[in-house]
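Notes for the one structure printed next.
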Amino acid sequence: MDQKVRVRYAPSPTGFLHIGNAQSALFNYLFARHFNGTMVLRIEDTDTKRNVASGEKSQRENLDWLGIDWDEGPDKPNPKYAPYRQSERNKKGIYHKYIQELLDKGIAYKDYTTEEELQEMRERQRANNEAPHYDGRWYGKSEEEQKAAEAKGLKPTIRFHFPKNHEYEWDDIARGHVSFNSDNLGGDFIIEKSDGMPTYNFAVVVDDHSMEITHVLRGADHISNTPKQMAIYEALGWEHPVFCHIPLIFNPKTRKKLSKRDKDTLQFINEYKKHGYLPEAIFNFIAFLGWSPVGEREIYSKDELIKVYDPKRMSKAPAYFDQKKLDWMNAQYIKKIDVDELAKRTMELVKEGETEEAKHLQSIPEDQCLDILKKTIHVHQRDVDKLLEVMAYAWDYYTVLDQHFNYDPIVANDDFANDDVLAVLKGLKDKLVNGGDDLDYSQAIKEVGKETGVKGRNLYFPLNLAFTGATSAPQIYEIMAIYPKETDIKLLDRMIDAF
RNA sequence: GACCCGUUAGUCAAGUGGUUAAGACACCAGCCUUUCACGCUGGUAUCGUGGGUUCAAAUCCCGCACGGGUCACCA
């Protein structure tokens, strides 16, 4: 890169950070960090109807959680480029200045068509099997006609007038050479709404130019917006940035763009957070949505990704969202992180209380809760996909005495001699009752096996059942260590009584 | 309907003229283990389709089929 790289992530604060937003933010972030450039956060809040009060905050918190930070933004203004919210920029007249310039040049014009008329126009065109487009009816109208419309109380929008049969083309980092003809772009488009706000297609151009953005990485759904924006760059005599259109994320079931209505897929980053996915895993996973490094490795830390990121390797085909793969990847990270750290993170989820599991655990005093989380993680770190499962297990263990176990699988099974089972249960109980606090459960079980002559599954299955209610379980001495010793004894008694 | 784009195993996904067509997930089998899980080993594709170019094509060209994106006073 021969010039200082400046990229931006520019969400509209209409809700939570969506996985598609996150993907776009992430690639901009990787690009900025890889090329030692500047990452800008800009808030595109020109749609006053759809803005959500906490939208911006949520975006920022979730980016933060993912480990994506920025160098400039509403909270870190660089005076040279501020402000970073389009609503504030509009108040300063930044957009209107250029709108006026285009108006003066005769490239833009006022349009008094009402929304109803527009809709009617589109319907008619569709009915005639035509591509929906604005027909240019207000282009070149006289001032008298405009005044007449004004007199009727109509507020105009301002439209950009396309040159005829003009080719817009660019070399897209991800897509290669792309071109569109001005005649296929849906007709003259609105650059200022009747409420005085600029539209997206106009505001991005003004902002990207005035913020000296060098590279625009955004979702592939913006491809057909690009020629419109290029037309504005051209009309204003500006150079356009380099574009890179990131493949969209698809739902493998519907084979369409991930929709917020797809119930089978978690859509928002905060949902991943509350289910106990780790930000490292999500970051890693999203980086592979539409991109891949050279080689076969798939587990990469953030720093490693920054190092190996190569925008030329962006894919063209859509990226299919594979939930199972994400779960696997999250499990990989869970295995890598140490128990104390995982327990700390799980504890944070408990405190936030966003899930049933978390709410349950909130009823336990904090130090005890942390303790049982640590013990649970110690046992389940190897087999759990997300921290939510840890919370569920921990609650099961904490409330084990309230649960009803069905001992039939052993009691009624001819493979297990009742005398043997009882001998084992009683033998172990003796060890617990007589042993000190430092009793080694693993050792104790082995001794019981020796003393009773019961071994293998005949020894372990009854114990699994006594302590977990199931015949298969993780290492049973580890489960025993999760419970207080009195609980272990009660669980043994309970099963002994059942015989 | 118009304009852009994509199409490699059950699911993702490398691969840009000559490869035994990577790897991952899932699945199946084996090993390990009291069981479960983890881990390890092995297994499954002639690259949508029809033509063409070439000594040689998943890789280049054309047609077709299928899928998608976009055509808002949303971003």
Side-chain angles (χ1 to χ4, degrees), chain A residues 10-14 21 44-47 49-50 86 111 113-115 118-119 122 125-134 155-159 175-176 178-181 183-187 189-201 203-204 218-228 245 247-248 250 252-257 288-289 291-299 313 315-329 331-332 335 379-384 445 449 454-465 468 470-476:
Chain A
S12 61
T14 52
N21 300 145
E44 308 213 327
D45 55 353
T46 54
D47 187 350
K49 285 177 222 122
R50 296 205 316 159
Q86 290 186 330
D111 171 32
T113 316
T114 64
E115 297 201 43
L118 286 173
Q119 201 180 338
R122 266 179 243 124
Q125 289 162 344
R126 259 184 228 280
N128 293 342
N129 255 342
E130 286 174 51
H133 64 281
Y134 176 71
K155 285 237 185 291
T157 58
I158 296 175
R159 285 192 186 259
R175 307 238 145 197
V178 186
S179 76
F180 286 85
N181 187 288
D183 294 348
N184 293 324
L185 266 23
F189 63 102
I190 294 175
I191 55 178
E192 188 180 287
K193 307 180 216 176
S194 54
D195 67 359
M197 281 285 199
T199 58
Y200 164 75
N201 278 128
V204 250
R218 67 193 358 171
D221 48 345
H222 283 292
I223 289 175
S224 42
N225 284 144
T226 306
K228 296 180 187 174
H245 287 96
L248 262 18
F250 274 31
K253 279 218 186 81
T254 61
R255 305 202 68 89
K256 288 182 184 163
K257 189 166 81 152
F288 277 70
L289 251 24
W291 178 82
S292 65
V294 179
E296 28 187 81
R297 188 146 78 95
E298 298 195 293
I299 303 295
R313 294 184 58 81
S315 162
K316 278 185 177 185
Y320 285 85
F321 188 90
D322 185 343
Q323 180 71 49
K324 289 204 172 137
K325 183 83 176 266
L326 204 210
D327 286 351
W328 169 81
M329 193 171 272
Q332 298 305 304
K335 290 193 215 343
V379 174
H380 287 286
Q381 186 171 27
R382 58 186 190 158
D383 62 63
V384 110
I445 292 171
V454 179
K455 52 189 169 183
R457 59 196 286 274
N458 290 291
L459 172 63
Y460 283 95
F461 276 34
L463 295 178
N464 287 348
L465 196 57
T468 70
T471 49
S472 59
Q475 296 293 359
I476 202 63

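A note on names: the letters A, B, ... follow the listed sequences, proteins ahead of strands, and every chain is numbered from 1.
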To the nearest angstrom, how far is [X] atom [atom1] from [N] atom [atom2]?
X        : N      : atom1 : atom2 : value
A:Lys256 : B:rU70 : NZ    : P     : 11 Å
A:Gln86  : B:rA75 : CD    : P     : 8 Å
A:Glu296 : B:rC25 : CD    : P     : 12 Å
A:Met197 : B:rA72 : CE    : P     : 21 Å
A:Phe189 : B:rA75 : CZ    : P     : 13 Å

Which residue, A:Asn458 or A:Pro198, contacts RNA chain B at a nucleotide closer to its 5' end, judged by nearest heavy atom?
->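 Nearest nucleotide further toward 5': that of A:Asn458.
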
Considering heavy-atom distances to RNA chain B, does A:Lys155 or A:Phe461 have its closest nucleotide positioned more toward the 5' end?
->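 Between the two, 5'-proximity favours A:Phe461.
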
Got a second to check how far A:Glu44's CD is from A:Thr46's OG1, nearest 0.5 Å?
->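 Result: 7.0 Å between the selected atoms.
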
Measuring to OP1 and OP2 of [N], would you say a side-chain N or O of [X] lies under 4.0 angstrom away?
X        : N      : answer
A:Ser224 : B:rC71 : no
A:Arg126 : B:rC71 : no
A:Lys324 : B:rA26 : no
A:Lys193 : B:rC74 : yes
A:Thr46  : B:rA75 : yes
A:Arg122 : B:rA72 : yes
A:Arg255 : B:rC12 : yes

Watson-Crick/G-U partner (both atom distances under 3.5 Å) of B:rC71 |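 B:rG1 - that is the nucleotide pairing with B:rC71, both distances being under 3.5 Å.
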
Residue matched to B:rU59 through Watson-Crick or wobble contacts both under 3.5 angstrom = none

Does [Y] offer a backbone N or O that forms a donor-acceptor pair with the side chain of [X] under 3.5 Å?
X        : Y        : value
A:Gln125 : A:His133 : yes
A:Thr199 : A:Ile190 : yes
A:Arg382 : A:Lys335 : no

Under 3.5 Å donor-acceptor pair, A:Ser194 side-chain atoms to B:rC73 base atoms =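 Counting by modelled atom types and ignoring angles, a donor-acceptor contact under 3.5 Å is found here.
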
Ranking B:rC36, B:rU35, B:rC3 by distance to the side chain of A:Asn464, first place goes to B:rU35

Regarding [X], tell me which of base, sugar-phosphate or nothing describes its non-hydrogen contacts under 4.0 Å with the strands shown.
X        : result
A:Phe321 : nothing
A:Gln119 : nothing
A:Arg382 : base
A:His222 : base

How far does the C1' atom of B:rG50 sit from the matching atom of B:rU20, given to the nearest Å?
-> 29 Å

